Each structure stands twice: as C-alpha cells, then as structure tokens.
Amino acid sequence: MWLLIPILVYSLIFLYVRHVYSYWRRKGFPHETPGLSWRFLRSLYQREFHYNEAINNFYQTGKERFVGIYCFFRPILMIRDRTLARTLLENQGGHFNDTRWDYVRSYRKYNLLEKLSPLFASNRLEAMFRNIDKVADHLVNHLNTTTVAAGAAAGAAENHGAVVDMQQLLRIYAVNVIANLIYGLDIDVFKQTDSVFLQYSNNSFQRSGINSYTFNRLPKKSSLTYRLRDIVEQNVALREDGGTIRKDVLQLLVKFRNGNDIEARDKFNWHIENVFEREKIISIKKVARIAEYLLENGIQTIASTSVLTLYEILKQPELMQKVREEIVMANAAANGETKEKQPQMNYEHVKQMKLLDLCIQETTRKYPSVATIERTCRKAYAIPNSKRTLNEGKSFVIPLLAIQRDEKYFQDPMAYKPHRFLQDSNGNPGERFNEFGLGAKTCIAQNFVKFVVKYVLVKMFSNYSMELMPMEDLDICYDDTPYIRSTDGLKVRIKSGKVKFEL
C-alpha cells in the first residue's frame with residue numbers, strides 16, 4: 001500500500017506537467033514542441049543560459065506571426081510580426097496595462113505613469129537645460145583631472161592623453177543625471193564615491209546578471225530603498241514647506257502631488273501651490289516609488305545608449321568627423337547669437353543637431369534598451385486578423401532585439417547606418433522604425449533620455465579628441481540592458497582639445 005503513495009504523487013506531477021505543456025496545442029495556437037535536452041540542463045547548471053538570448057534565438061526558427069512557447073511552467077505567446085507587436089503595445093482597451101501604476105481619483109482609474117508624461121515634455125527639458133549642463137560638466141571636469149594626471153605621470157611635453165573606461169564613466173554620468181534631475185540634489189557622484197545612488201547602481205547591475213538566470217525580478221526592497229525614500233521626503237518638505245524652487249523632475253512631481261497644473265504650455269509656473277495633506281493626490285511613499293523606478297530604469301537606459309552610441313561613432317572615423325562638424329556649426333551659431341569668443345550653447349542649438357539624433361535612433365534600433373518586452377493579459381484579447389484569443393492571465397513576449405535586427409525590416413541590420421532613416425532624393429521616407437523600446441507605452445521619459453545622452457556626447461566631442469583602443473575580448477551582450485563585456489570595459493584614449501570654429 002505504501003508503494004501506491006509515491007506512484008500516485010508521481011502520476012499527479014506527470015499529469016500536471018503534461019497539462020501545462022499542452023496548453024497551446026489545446027488552444028489551437030501554432031506552438032513549439034516541448035522537450036528537455038542534456039544541453040539545456042547543462043547550460044542551466046553552469047549558469048550559461050540567458051533568457052533574452054534564448055527568446056531572440058527562437059525568433060529565427062519560424063515565420064508564424066505568433067507562436068506559443070514555454071518558459072518553464074509558463075505558457076507565453078511570442079510575437080514575430082512587427083505590425084502586430086506595435087498593435088499590442090499601443091492597445092487602448094486596458095488589456096495589457098501594468099496595474100502597479102493604477103490609481104483611482106474621483107471614482108476614475110488612471111495609469112499614473114501616463115499621467116506623468118508631461119513631466120518630460122520638450123518645454124520642460126528646455127527649462128532644465130542649465131541643470132543638465134551642470135551635470136555634464138561634472139564628467140568633463142573629471143576627465144580634465146584624469147588627463148592632467150596622466151600627463152604629469154608621463155612627464156613628457158607631448159600630450160599623449162589618458163586611457164579611460166568610458167563604460168564605467170558614462171554609467172556614473174547616468175547616476176549623476178538621476179541624482180540631480182530626479183532626486184533634486186546638487187551633488188557630483190564622481191567625487192562623492194560613497195553616494196547611495198552609486199551603491200544602488202552597482203547593486204542593480206549585479207542583480208541583472210542573476211535575473212538573466214532566474215527569469216524573475218528579485219525583490220528590490222533594501223536599506224538603499226529606505227535611504228532613497230528619506231532623501232525624497234526631505235526634498236519634498238523643502239519644496240512644499242520651504243518654498244524651494246529648482247527646475248527639475250522632482251519639482252514637477254511635487255506639483256503633481258499637490259494637484260497643480262503640470263500640462264500648461266505657455267508661461268509655465270514652477271512655483272508649488274501647497275495644499276493640505278488630505279487633498280494631495282499621491283503620498284510621499286508613492287513619489288519615492290516613482291523616483292526609484294526612474295532611477296533604476298533611467299541609469300540602465302542612459303548608460304547603455306550613450307556608451308554604445310559613442311562606441312559605434314568611434315568605430316567610424318568618417319562618421320565621427322561629421323559629428324564634430326555638426327558641433328562646429330552649432331558652436332558657430334551660438335557664437336553668432338552671443339557675440340562672445342566662447343560660445344554658450346542652449347537647448348535649441350543642441351536640439352538642431354540632427355546627425356546625433358539619427359545616431360541615437362540607430363543605436364536604439366541595433367541595441368534596444370530592453371531585449372524583450374513582456375506583457376500580461378488583464379482580460380481576454382482577440383488577436384487581430386486571426387481566430388485566436390489570448391486568455392486572461394497569459395502573457396505575450398516581443399523579441400525586440402531580434403525584430404530590430406531582422407533583414408525583413410532593415411537592410412543590412414548589423415551595420416550601423418544612422419542615415420538609413422533619412423528621406424531619399426525623391427522624398428521617399430527612409431526605413432521605418434517603430435521605437436518599441438522607447439515608445440510612449442514603454443518609457444514616458446524617452447525625450448529626457450535622448451536629450452541627456454545627446455548632450456553628453458556633444459560635450460565630449462566638443463572638448464576632446466577620442467580614439468577607440470583595440471580590445472580582443474570585446475563582446476556586446478544582454479542581461480536587462482546591453483553592455484560591453486570585456487576585461488577593461490570600453491577603453492578610449494582621450495586628449496584635451498576643443499573643436500575649433502570660425503568667428
């Protein structure tokens with residue numbers, strides 16, 4: 001009799017597993033054939049299996065618009081068609097909303113992140129320009145100190161410059177951007193090496209490698225989270241009770257918290273009209289959660305986009321020369337307006353640099369900030385142009401990296417060609433690019449990210465000549481975001497030398 005118990009248990013487990021792995025067949029979806037190989041088990045044991053890599057590799061194995069796959073015990077629908085992927089991401093029926101950011105006001109439900117999208121409008125960025133400029137100067141000052149120290153150590157009259165790891169430095173720049181513009185602190189993380197923001201960034205980077213193995217986000221609450229909440233609470237108090245005005249994202253968040261208008265286009269007032277606590281729209285805890293969300297996602301996106309854009313430009317001397325020529329023209333325009341020998345660039349000068357915009361766009365195509373996008377269905381959804389329905393609770397995944405490197409959508413996809421998006425001589429549009437990774441439904445801060453990336457590149461090409469150092473073990477891989485994996489990071493030789501312009 002006792003022998004029957006383990007037989008019964010194993011039978012139930014077998015039937016459960018069989019039921020899970022027959023889901024797509026039972027629903028009539030095209031699907032992969034479930035299987036288990038020693039190669040797969042070995043890669044798991046050796047921690048060499050990467051979820052993003054597996055998803056994007058499977059994209060190449062068929063041509064169906066969508067196909068059912070299994071991620072351990074989770075049936076997931078993979079979307080292979082770009083048009084269908086765009087339709088799902090822009091769905092307005094509430095089928096795939098992220099309920100973490102839902103809140104109710106006056107008996108109406110809103111998505112909090114969508115309500116906050118005016119925070120990153122173009123006119124808001126223009127007002128924040130001087131603070132962004134100050135943050136970029138922190139990186140320039142650090143590089144100036146590094147090059148001077150390298151010259152003193154060499155003891156030579158000729159300036160050979162300094163070799164630096166730009167991946168590490170641009171990651172710290174991204175931390176500086178978030179600390180100054182999101183949390184409202186006037187600090188320089190290049191000098192304050194014990195900063196809580198730098199510690200949070202390092203912990204987040206280490207977590208990403210573990211998550212690629214476990215397929216799930218690990219709990220993020222830690223002592224760092226509570227320290228960040230204290231910073232938000234102190235700064236909110238200064239602005240609400242002390243009347244402090246600082247043109248940054250936190251100021252806009254506090255205005256939203258107090259029910260002030262953050263959507264006004266003309267004569268926008270940065271002053272906060274404080275209201276009673278019971279009348280405030282969101283709590284300080286919620287403000288801190290939003291700030292931490294922007295911190296984690298912003299650091300990853302800003303760092304990866306700026307590093308890989310710089311890497312690709314430095315690989316092509318002709319492209320680098322064109323970028324520098326564009327900066328020369330912007331400097332000349334700034335000089336013409338100010339009538340000074342030292343030009344003072346403003347937001348409009350930077351905005352008009354179209355080549356750098358194309359470079360950033362090409363970077364986000366070739367190296368999207370996220371390799372896959374996954375959404376969970378909140379209510380049954382009839383898939384367009386098919387007889388299939390995705391049931392509530394089931395998820396779909398878009399292999400963004402694979403789609404944006406598919407020859408069906410982009411010619412010579414592995415080549416870095418910023419001009420692919422320009423119109424031709426007959427006025428026909430260039431290659432179509434749907435920015436899944438930076439779309440409105442994915443990243444409300446897309447304008448902010450693009451601008452701070454663009455501006456740091458302007459600063460670097462304005463102040464230095466740069467040369468990419470040869471690296472044998474350089475490899476670009478994904479965990480949560482793309483990064484350059486090599487022994488020395490991204491080694492670049494920099495020499496001080498401002499771009500010259502004609503008066």
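Numbering of residues begins at 1 and proceeds along the displayed sequence. Remember, it's a predicted structure, so these values are computed and weren't measured experimentally.
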Review point. Any side-chain heavy atom of M466 sitting closer than 4.5 Å to one from K495?
Key: no
Check your understanding: Relative to F410, does R82 satisfy both conditions: NZ or CZ under 6.0 angstrom from the six-membered ring centre, and within 45 degrees of the ring's axis?
Key -> yes
Exercise for review: Please work out which of the three classes, parallel, tilted or perpendicular, describes the rings of Y455 and F129, given edges at 30° and 60°.
Suggested key: perpendicular
Review point. Can you name the side chain to side chain contact (heavy atoms under 4.5 Å, CB included) partners of Q192, sequence neighbours left out?
Key: I187, D194, S195
**Study point:** Heavy-atom pair of closest approach, residues L294 and I178
**Key:** O-CD1, 3.9 Å
Point to revise | Residue pair L116 / L253, side-chain heavy-atom distance below 4.5 Å | key: yes
Exercise for review: May I have all residue pairs that pass salt bridge (charged side-chain N to carboxylate O under 4.0 Å, His left out) and include part of residues 182-193, sequence neighbours excluded?
Suggested key: K134-D186
Practice item. Return yes if a side-chain donor-acceptor contact under 3.5 Å exists between E312 and T363, otherwise no. Key: no
Practice item. Give a yes or no on whether a salt bridge exists between K459 and D137, defined as a side-chain N under 4.0 angstrom from a carboxylate O. Key: yes
Exercise for review: Identify the two heavy atoms, one from W270 and one from A127, that lie closest to each other, and give their separation to 0.1 Å.
Suggested key: CZ2-CB, 3.4 Å
Check your understanding: Who are the side chain to side chain contact (heavy atoms under 4.5 Å, CB included) partners of K354, not counting sequence neighbours?
Key -> E326, D357
Check your understanding: Is there side-chain contact between M353 and K454, with at least one heavy-atom pair below 4.5 Å?
Key -> yes
**Study point:** Nearest heavy-atom neighbours spanning L401 and K366
**Key:** CD1-O, 3.7 Å
Practice item. Could you tell me whether the side chain of D248 reaches within less than 4.5 Å of the side chain of N180, counting heavy atoms only? Key: no
Exercise for review: Taking the side chain as every heavy atom from C-beta outward, state whether Q300 and R171 have any pair of such atoms under 4.5 Å apart.
Suggested key: yes
**Study point:** Between Y347 and S122, a side-chain donor and acceptor under 3.5 Å
**Key:** yes
Check your understanding: With side chains defined as the heavy atoms from C-beta onward, is the minimum distance between Y183 and V249 less than 4.5 Å?
Key -> no
Review point. Are V177 and F448 close enough, and set up right, to give a side-chain contact (heavy atoms from CB on, under 4.5 Å), and what steps lead you there?
Key: CA-CA 10 Å; V177 168; F448 178 78; 3.7 Å; yes
Review point. Are any of the side-chain nitrogens in R365 or E362 under 4.0 Å away from the carboxylate oxygens of its partner?
Key: yes
